[in-house]
**Q** 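Here you go, one structure.
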Amino acid sequence: MKDVRVRFAPSPTGSLHIGGVRTALYNYLFAKKYHGKFIIRIEDTDQNRFVANAEQYIYDSLEWLGIKADESVIEGGPYFPYKQSERKDIYKKYANELLEKGLAYYAFDTNEELELIRTKQKESGENNFQYNAATRMSLRNSLSLSKGEVNRLIQMGTPYVVRLKVPAKEEIRLFDLIRGWVMVHSSTLDDKVLMKSDGLPTYHLANVVDDYLMKISHVIRGEEWLPSAPTHVLLYKSFGWEADMPQFAHLPLLLKPGGDGKLSKRDGEMLGFPVFPLQWRDKETQKLIPGFKEEGYLPEALINFLAFLGWNPGTEEEIFSLDELIEAFSIERIGKSGTKFDINKAKWFNQFYLHKKDPSYFTEEFKKILDPAGLWNGGIKLNLWVKLVQERSTFESEMVLEIKNLISKIEAFDQSLIDSKWNIDAKNGLKEFSEQLALLNEITAEEAKTLLNKILETQNTKPGKVLQILRVSLTGKGAGPDLMTIIELLGPQEISKRIIHFINRFPLSMD
RNA sequence: GGUCCGUUCGUCUAGGGGUUAGGACACGUCCCUUUCACGGAUGAAACACGGGUUCGAUUCCCGUACGGACUACCA
């Protein structure tokens with residue numbers, strides 16, 4: 001195989017969505033697997049849709065995920081510049097080359113003229129209008145107009161585009177690494193615009209020229225590009241670059257959970273899960289939409305989840321670090337069919353990676369959250385609290401919340417449990433327990449358990465009758481982390497206080 | 001409408017001419033846990049349909065259905 005050079009080529013027209021992230025990931029994995037280069041090229045040839053901070057967002061997102069570029073606007077590289085808006089002259093030169101060869105032509109039809117033809121054609125029930133060998137002689141272009149007329153129009157500064165002259169009858173074959181041979185007849189192809197009237201190239205031209213110039217070996221991109229891939233093949237042929245044409249791999253699309261259409265940027269809010277890696281402020285609504293990061297997903301979990309959306313290693317192993325993915329990745333094992341996005345699996349991955357984290361990973365962050373709430377006094381054994389809640393949580397946010405609830409004053413007590421479990425036996429047990437605890441300055445979970453059992457034994461009360469109401473008295477709730485550890489961490493003084501408070505707040509009717 | 005791509009449990013998928021069609025998520029049950037969760041065990045759950053080819057097809061071929069992408073001077 002020749003030197004592997006792949007590119008991720010996003011256009012900065014908004015936030016990068018999760019399908020784009022997966023495309024970037026697959027490119028990255030493939031590059032690293034074969035010790036090649038991963039290139040980020042910014043395709044900002046659409047001036048109308050340009051969004052100012054979108055480019056930075058792309059870098060930030062990939063950085064968060066640990067996907068590093070070898071060549072890009074930031075890293076630089078031998079094929080600088082890596083931003084298409086800075087390569088205008090290059091495209092112009094190549095467009096001219098095609099024009100000279102007679103493989104492209106000027107077209108003067110205005111948008112309005114074409115739009116009119118399209119709607120007319122649609123209304124009469126015919127197939128969509130195509131600008132191609134069958135129609136171009138009846139349109140206004142350098143093929144149908146006289147040389148003099150063309151020169152005159154250009155001289156006058158009439159806006160024009162450059163179109164590819166697609167041959168009338170030709171079978172175009174392209175080999176896709178994922179789908180095999182794809183055959184398309186040239187008569188079904190449009191004479192695509194190569195240069196727009198604003199002097200900027202369209203995707204098709206810029207993409208092919210840059211891939212060639214940057215010596216891209218493999219084009220790994222979403223399946224939405226498959227229909228225009230034959231046009232790209234034609235472009236390589238027109239330039240005489242067939243021998244250097246990259247290999248194509250068109251990735252299956254990420255679909256909405258319902259399966260009805262590809263996942264789009266709007267879906268996140270509607271379906272209740274993130275579709276962006278990082279938070280993003282929608283420029284129309286000005287709403288800040290949280291990303292996977294803000295929703296509490298760990299980067300390694302997102303990576304692992306995304307890698308398995310359309311690819312698998314062929315073994316039953318499912319947990320892979322980025323390095324392990326590089327090792328295992330291969331294009332042959334990418335699936336053909338669209339993949340519905342199921343957030344449950346992402347949650348599962350997150351839970352798995354969250355449980356594996358060392359508690360110290362969370363403590364600094366938690367201090368920052370607990371401190372302003374007045375819940376952090378430096379004396380709290382935070383790493384023990386983290387351990388207590390970690391294995392029960394899927395997200396970091398659940399952990400802080402649970403710790404917060406445990407440490408702070410109880411707002412509400414579970415009334416139904418009080419109704420069913422709060423009785424004189426329980427009260428006697430709790431009372432004695434709190435009195436004993438009041439004498440102590442600290443107690444371990446083990447000691448607390450022994451102490452409680454001893455008290456209940458002398459009172460002839462079964463632990464089962466008391467334990468849950470003790471939990472309610474200490475936490476307000478009927479379920480939660482290990483009670484005895486909570487007692488150890490909160491300390492006997494605090495526990496004693498909480499029990500007394502509870503007894504006073506909920507007097508028994510016989511009192 | 002046209003062109004192209006696709007179709008194995010609800011979801012992600014393994015497999016591949018003869019298999020009890022395997023795993024994971026989610027779901028159910030049980031165990032563990034004096035709670036919840038984790039963990040363990042277990043259950044239910046799939047080859048879109050119709051024709052070929054073949055001794056035999058879920059697997060190969062052809063149709064049909066269904067789904068998707070594209071059909072811009074957007075990428």
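Throughout, protein chains are lettered first and strands after them, A, B, ... in sequence-line order, and every chain is numbered starting at 1. What's counted below: heavy atoms across the whole structure, side chains too, no hydrogens, waters or symmetry copies.
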**Q** Please report the closest heavy-atom contact between A/G199 and A/M195, naming both atoms and the distance.
**A** O-CE, 3.3 Å

**Q** With a cut-off of less than 4.0 Å, is there a side-chain N or O of A/K340 near OP1 or OP2 of B/C9?
**A** no

**Q** Would you say the base of B/C74 and the side-chain of A/R49 have a donor-acceptor pair closer than 3.5 Å?
**A** yes

**Q** With a 4.0 Å cut-off on heavy atoms, is A/L467 in touch with a base, just the backbone sugar-phosphate, or nothing at all?
**A** base

**Q** Do you see a donor-acceptor pair shorter than 3.5 Å between the side chains of A/N453 and A/E457?
**A** no

**Q** Would you kindly check if the NZ (Lys) or CZ (Arg) of A/R163 is within the cone defined by 45 degrees around the ring axis of A/Y131 and under 6.0 Å from the six-membered ring centre?
**A** yes

**Q** Reckon A/R221 touches a base, only the sugar-phosphate, or nothing at all at heavy-atom distances under 4.0 Å?
**A** nothing

**Q** Look at all strands and tell whether A/V161 reaches a base, only sugar-phosphate, or nothing, counting heavy atoms closer than 4.0 Å.
**A** base

**Q** Counting the atoms with a prime plus P, OP1 and OP2 as sugar-phosphate, which does A/T45 contact under 4.0 Å by heavy atoms, base, sugar-phosphate, or nothing?
**A** sugar-phosphate

**Q** Between A/F502 and A/R498, is there a cation-pi geometry (under 6.0 Å to ring centre, at most 45° from the normal)?
**A** no

**Q** Counting the atoms with a prime plus P, OP1 and OP2 as sugar-phosphate, which does A/D414 contact under 4.0 Å by heavy atoms, base, sugar-phosphate, or nothing?
**A** nothing

**Q** Ion pair present between A/E43 and A/R41, side-chain N to carboxylate O less than 4.0 angstrom?
**A** yes

**Q** Name the nucleic acid region contacted by A/K462, choosing base, sugar-phosphate or nothing; use a 4.0 angstrom heavy-atom cut-off, strictly under.
**A** nothing

**Q** Which part of the nucleic acid, if any, lies within contact of A/E391, taking any heavy atom under 4.0 Å across all strands shown: a base, the sugar-phosphate backbone alone, or nothing?
**A** base

**Q** Walk along nucleotides 21-30 of chain B from 5' to 3' and tag each nucleotide B, S or - by protein heavy-atom contact under 4.0 Å, base first, then sugar-phosphate.
**A** -SSBSS----

**Q** Where the side chain of A/H355 is defined as all heavy atoms beyond and including C-beta, which of B/U35, B/C5, B/C38 is the nearest nucleotide?
**A** B/C38

